[in-house]
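Read the structure below first, then the notes.
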Amino acid sequence: MCPTITFPSLEAMSADIPAHRYDASRATEIELKWQQQWLDDGTYETANTGGILTGGNRPADPDAGKLFVMDMFPYPSGSGLHVGHPLGFIGTDVFARFKRMTGHHVLHTMGFDAFGLPAEEHARQTGQHPRENTEANVATYRRQLKRLGLGHDQRRSVSTTDVAFYRWTQWIFLQIFNSWYDDEKGKARPIAELEAAFADGSRPTPDGRPWAELSVTERRRLLNDHRLAYVDEAPVNWCPGLGTVLANEEVTVDGRSERGNHPVFRRPLKQWMMRITSYADRLLADLDRLDWTDAIKTMQRNWIGRSEGARIDFPVATGNAEGATGSKGAEGAEETITVFTTRPDTVFGATYMVLAPEHPLVDTLTADAWPEGTKDPWTGGAASPTEAVGAYRAAAAQKSDLDRQENKEKTGVFTGAFAVVPTTGAEIPVFIADYVLMGYGTGAIMAVPGQDERDWEFAEVFDLPIIRTVQPVEGFDGKAFTGEGPAINSGFLDGMDVGAAKRAIIDWLETEGFGHGTVNYKLRDWLFSRQRYWGEPFPIVFDADGEPQAVPESALPVELPELIDWAPRALDVDSAPEPPLGRAEAWTTVEMDLGEGPRTYHRELNTMPQWAGSCWYYLRYLDPTNENLVVDPEVEQYWMSDADGRVGGVDLYIGGVEHAVLHLLYSRFWHKVLFDLGHVSGPEPFQKLFNQGYIQAYAYQDARGIYVDAEEVEEHGGAFLHDGRPVTQSYGKMGKSLKNSVTPDDMYESYGADTLRLHEMFMGPLDQDRVWDTSAVVGSQRLLQRVWRNLVDEETGEVTVVDAPASDDLRRVLHRTIEQVRSDMDGLRFNTAIAKITELNNELTKAEGPTPREVAEPLVLMLAPLVPHIAEELWAMLGHDDTVVYTPFPEADPALLVDESIEMPVQVNGKVRTRITVDAEADDDAVQAAALGDARIAELVGDGEPRKVIVVPKKLVNIVL
RNA sequence: GCCCGGGUGGCGGAAUGGCAGACGCGGCGGAUUCAAAAUCCGCUGUCCGAAAGGGCGUGUGGGUUCGAAUCCCACCCCGGGCACCA
C-alpha cells in the first residue's frame, strides 16, 4: 500500500477559512439543494377546498383563516432583472411564509403580464417574434424567481399570453359586451334583459316606435348603444410613434405616451370603449371600504373627479327669433346651451357664455354677421363671426395639449349669438374659447367673472361686465372672489350663504324647467382598443352593416394568428392607424352562423390593451386549470371572501404606486361588472393594497457628463474617483442608461440568495424608496454567519447546540424577541423584526458556552420566513425531518414578558439625571420615594420641596423643581 | 396653484407624547496572527472637560405640556400626484 499524502485544498490554504463557514458557496449549495427539495415535495402547493385543484397543502385546523397574498405580476421584459425588481416579491414571500407558520391557509403564486406594448416594444428591439421573445423571457423570470427561493405555487402560475388564459379574457370581454348598465338598479344586467324589456314594451324605445317595427339592424344598433363595451367615434389619443391609440390614463401630463415618451395627438376615430363612467359613483364610494393608503385613494378620487352642481339650460336668443324668457322653461326656445356648474348660486352674475371650440352647437349658433353691440376685441379681426369662428377653431385644433398648458392666456372669439340668463332674462354674448374643454361637463360654461378667476381674466381681456354675486370678506382685494359669503345682486337669493343659495336656485331651476341638480365626473369612458399585434384579439365580428356582434362562447378562444410581419408601421401624424392583424388575410374574414344562417363576417382587427389580462389574473390563480368556468364559484368564494366583515378580495396586494389609477381602477371596474353579473362574490378585488418603495442606486458622471460604470468608482475622503479622475455622484433608477445596475446574480455569487433577501428586507421600511449600497450587504451576511456559528462548529460542521436550559435572562430576551418579531412581521415591519433577531443573536454570541436548544430552535424558526434555505438547513441539522415551512412560529410565554424589576430613568425638569432599579410591582409612591432617595437626585433637589413629581408607571419619573 | 408623502449621526434607518440615535454599514482602537484576511472585544451625534460631569442637538421659528423627533400654528427644502375640471 502506498502512503497517501493529502494536501489541504487550495482554497483552504490561501484563505485559511474554516471548512464549515457559512459563505457564498455554502449558501449556494444549501439553497439549490432546498429549492430542489421543495419542488420535489410540492411544498408550496396550496390545496383548494373544492373544485379541481384539491391536491396540496392545507392546515389541519378546519377553521384556519385563509390568506391570499399577491404581487403585481411583472411583465417579463428580458432586459435584465436588477436587485430593485424583487423587493416587493420578497416582501410578499416573507409575509406568506410567516402566515403559513402561524397556521393560515396561504395562497401565493406569481404570473406574467406578457401581452401589450412593453413586451412588443422589447420584441421589436430584439427583432424576435413577440411570442418567442415573451416565452424566453418568462422562462428566464421563472428561473430567477426560483433562485430567490420564493414560495410560489407553480401550478397556479399563469401568463396572460397563454391561449388557455386569454380564452377567459375574451370570455370576460363578452360578458361586458353582453351587458348594459341599469341606472335604476345601479348595476350591470345582461343585455338580453334589456332586449326583453324593449320587446314587451315595459321600456319604451328612444323614438317611441314599438320594438316589433324596428328592423334587425335598428334593433342591433339600439342594443349596441347600451352595451358596456361599445364602438364609438370619438376624439382619441393617437400616438403615431407607437402606431396606436392610447387610453387617457396612458398619456402623460405633457401630452406624450407613458410608454416610450412619443407625442400624442387628438383625432376622431372609431374605437372600442368601455363604459367605466357608469361605475364612477361606485368606484368612488367603495374606496372607503378598502384598506389602501390615503395617497392611492386620493389619486383615484381625483381621477374620478366627482363634483356636485347643476345643469342649467340657457335659451339661445337667435337673431331671427324672440328670445325665450320667463317661466315656461327652456323647451320653448329653438336652441338651448346646457352648462354644468358647481356654482349655480352665481347664475345672476353670468355675463357671457363660452363653448369649447369643438362644441357641436357652434355651427348652428354662429351668426352670419356681427350683431349690434359687438366690441372690437370680440371679432378676432375677422369680417364675420363665421370667419372668426373658423379661424379660431383651426388654430385651436393645431394646438397640442402641451401648448394649451404652457400658454394659459385667454383667447376666444364671439359667435355673434346671445343667450338668455334664465333668472334675469338678460341677453349675454356667446363666445368660443379653448379654456373651456369639450371633455369636461357639457363643454360649455356660464361665465361668472365675479366668482371665477378664469372668467375674470377673460372678461378683462374682452371687456365684459363683471357682477359680484357673493359679498367678499372684509379686506378682500383680489379679483374673482371664490370664498364663502352672503349672496348679493342675486334677487331672491340675496343674503343666503353659498350652500343655501345653491339649494334655493336648484329648486327654482327644477320648478321652472331650466335645469336640475346633478353630479359630474372627470372620469371618461375607457378606450379599449389598440392597433397593435401583441394583444388579445377581440371575440367580435362585424356584419354587413358594420354592426359588431359577439363571437359565440363556443368559438372561444379566438386565437391570435401567427404573423411574420407583426410590427406596427412607422406612421406620420396624419396617417390612419393600421392594425397589423389586417395583414393576416386569411384570418380577417370568417364564415359563421350567428343565428341568421351561414354568412361572412369581418373580424375586429384591433387587439385589447395591456390592461386586459391584468384586470382579472388574480381570479385565475384560484382555479387555473378550470376549462369550463373562469373560476369555480365555491373556490372563488373561499379565497375572496372576508370573515371579518370587510369588503373582501385579495388579502394583501403589493406593488408599485405607478398603477394607482391605471391597473387598479380598471381592475376594480371589471370586478364590479363580474360581481353584478354574479360571477364573483364580492364587489372589490383587493382588500389591502401596499405600495413598496423603489430601490434606486448611485450613478456617477465624469467631467463631460457621461455616466461611468458605478461599480468602478472609488471613494477617497468624500471624493469619488473613476480611473483616477473625479466624478460627481447622483442617483436614480437602476438601469443601463445610468450604468448603475446591480443584478441578483452578482449577489448570489458574493453572498447567496438568503443574504440578498435578508438585506432587502433590512434596508428600511418596505414602503420607502431607498438607495442601493452593495457595501452594506455584508452586514446581512455577517448576521447569518453568526447565527450559523452559534449553532454549528465551523471547523467540524457539527451542531454545537445543547439540551441544557437557557439562563433566565436569555430566556426572557428570547420571549421578548418572539413577541416583537411576531408583531413586526404581522405589520410588514421586516426591518425592525430583523433588528430584534440580530439582538437576540448578539446575546448568544456574547454568552459563554454553547447555545441551548430552547433558544436555537425558535431563532431558526423566526428566521425561516426571511431566509428559508439556511433555516431549512439548520432545522434539519437540529434533528428535524419535517420542513420549517409549516412548523408553527414560536409563541412567547406571557409570563416571561414581565420583568421582576425594572430600570427607570429619573428626570429633573425633563432631563434624565439618573436611573433607578425598582420592583416591577412597586406602586407610584414607592417609585417616587426611591427616586427622591437617590443620592444624585437628592443633591439636585437640595433642601427645597419639589413642586411636582410625575411618575409614569413602568416608564419614568420626572421631578419638577 | 391645489392635494398627498417626507426632512433624525459620515450613511441606511430606530423611537408616534416618556431614556433620541435600536439594528446595520462605514470609521477608530484592542485581542488573535510572522503578517494580512477572517473572527472576537471595545469606542463611535456634537461641544467643553484629565475625569466625574455638563452644555447643545431630530429642516427653521413660535406654541401646548411636568415632558415634544412625535401634537398645534407659520415658514423653508426634497419627492410624488393633479392642474384653464367650470
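Numbers restart at 1 for each chain; the letters A, B, ... are given by sequence-line order, proteins then strands. When reading the values below, keep in mind they use all heavy atoms of this one structure, side chains included, and skip hydrogens, waters and symmetry mates.
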How far, in whole Å, is [M] from [N] if one measures between their [atom1] atoms?
N: B/G57; M: B/G21; atom1: P; value: 16 Å
N: B/G81; M: B/U70; atom1: P; value: 29 Å
N: B/A69; M: B/G18; atom1: P; value: 10 Å
N: B/G67; M: B/G17; atom1: C1'; value: 8 Å
N: B/A20; M: B/C4; atom1: P; value: 33 Å
N: B/A15; M: B/G63; atom1: P; value: 30 Å
N: B/A22; M: B/U8; atom1: P; value: 16 Å
N: B/G29; M: B/A38; atom1: P; value: 15 Å

For a quick check, tell me whether the side chain of A/K846 and the base of B/C41 share a donor-acceptor pair closer than 3.5 Å.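 Answer no: no donor N or O sits under 3.5 Å from an acceptor.
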
From C-beta outward on [X], which listed nucleotide comes closest to its side chain: [options]?
X: A/R21; options: B/C23, B/A86, B/U39; value: B/U39
X: A/T342; options: B/A86, B/G24, B/A14; value: B/A86
X: A/N842; options: B/C85, B/C23, B/G13; value: B/C23
X: A/R454; options: B/C25, B/C40, B/A86; value: B/A86
X: A/I950; options: B/C84, B/G18, B/C40; value: B/G18
X: A/T845; options: B/A86, B/C40, B/G26; value: B/C40

[atom1] of [X] versus [atom2] of [N]: gap in Å, rounded?
X: A/L840; N: B/C23; atom1: CG; atom2: C1'; answer: 13 Å
X: A/E839; N: B/G13; atom1: CD; atom2: C1'; answer: 14 Å
X: A/E658; N: B/G5; atom1: CD; atom2: P; answer: 20 Å
X: A/F830; N: B/G13; atom1: CZ; atom2: P; answer: 17 Å
X: A/H359; N: B/A86; atom1: NE2; atom2: P; answer: 17 Å
X: A/E760; N: B/G13; atom1: CD; atom2: P; answer: 14 Å
X: A/D773; N: B/G26; atom1: CG; atom2: C1'; answer: 9 Å

Establish, with yes or no, whether the OP1 or OP2 oxygen of [N] is under 4.0 angstrom from a side-chain nitrogen or oxygen of [X].
X: A/N909; N: B/G67; result: no
X: A/N302; N: B/C85; result: no
X: A/K948; N: B/C66; result: yes
X: A/R829; N: B/A14; result: no

Taking all heavy atoms of A/R21 and all of A/R26, pick out the closest pair and write down the distance. O-NE, 3.1 Å

Within the 4.0 Å heavy-atom criterion, would you say [X] contacts the bases, only the backbone, or no part of the nucleic acid?
X: A/A776; result: sugar-phosphate
X: A/R306; result: nothing
X: A/R913; result: sugar-phosphate
X: A/K522; result: base
X: A/E794; result: nothing
X: A/V952; result: base
X: A/D455; result: nothing
X: A/Q768; result: sugar-phosphate
X: A/R782; result: sugar-phosphate
X: A/D769; result: sugar-phosphate
X: A/V436; result: base
X: A/R936; result: sugar-phosphate
X: A/K911; result: sugar-phosphate
X: A/N958; result: base

G-U wobble or Watson-Crick pairing nucleotide for [N] (cut-off 3.5 Å, both distances):
N: B/A22; value: none
N: B/U39; value: B/A31
N: B/U58; value: none
N: B/C2; value: B/G81

Base orientation of B/G9, chi within 90° of 0 counted as syn, else anti, reads syn

Can you find a side-chain donor-acceptor pair between [X] and [Y] that sits under 3.5 Å?
X: A/Y435; Y: A/D455; answer: yes
X: A/D525; Y: A/T277; answer: yes
X: A/T774; Y: A/Y751; answer: no
X: A/Q451; Y: A/T469; answer: yes

Select from A/S307 and A/A295 the residue whose nearest nucleotide in RNA chain B is closer to the 5' end of that strand. A/A295

For RNA chain B, whose closest nucleotide is more 5', that of A/R789 or that of A/G779?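 Its nearest nucleotide being more 5', the pick is A/G779.
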
Indicate, with yes or no, if the rings of A/F431 and A/F458 have centres closer together than 6.0 Å. yes

Does [X] come within less than 4.0 Å of [Y], counting only side-chain N to carboxylate O?
X: A/R454; Y: A/D452; result: yes
X: A/D291; Y: A/K297; result: no
X: A/D824; Y: A/K836; result: yes

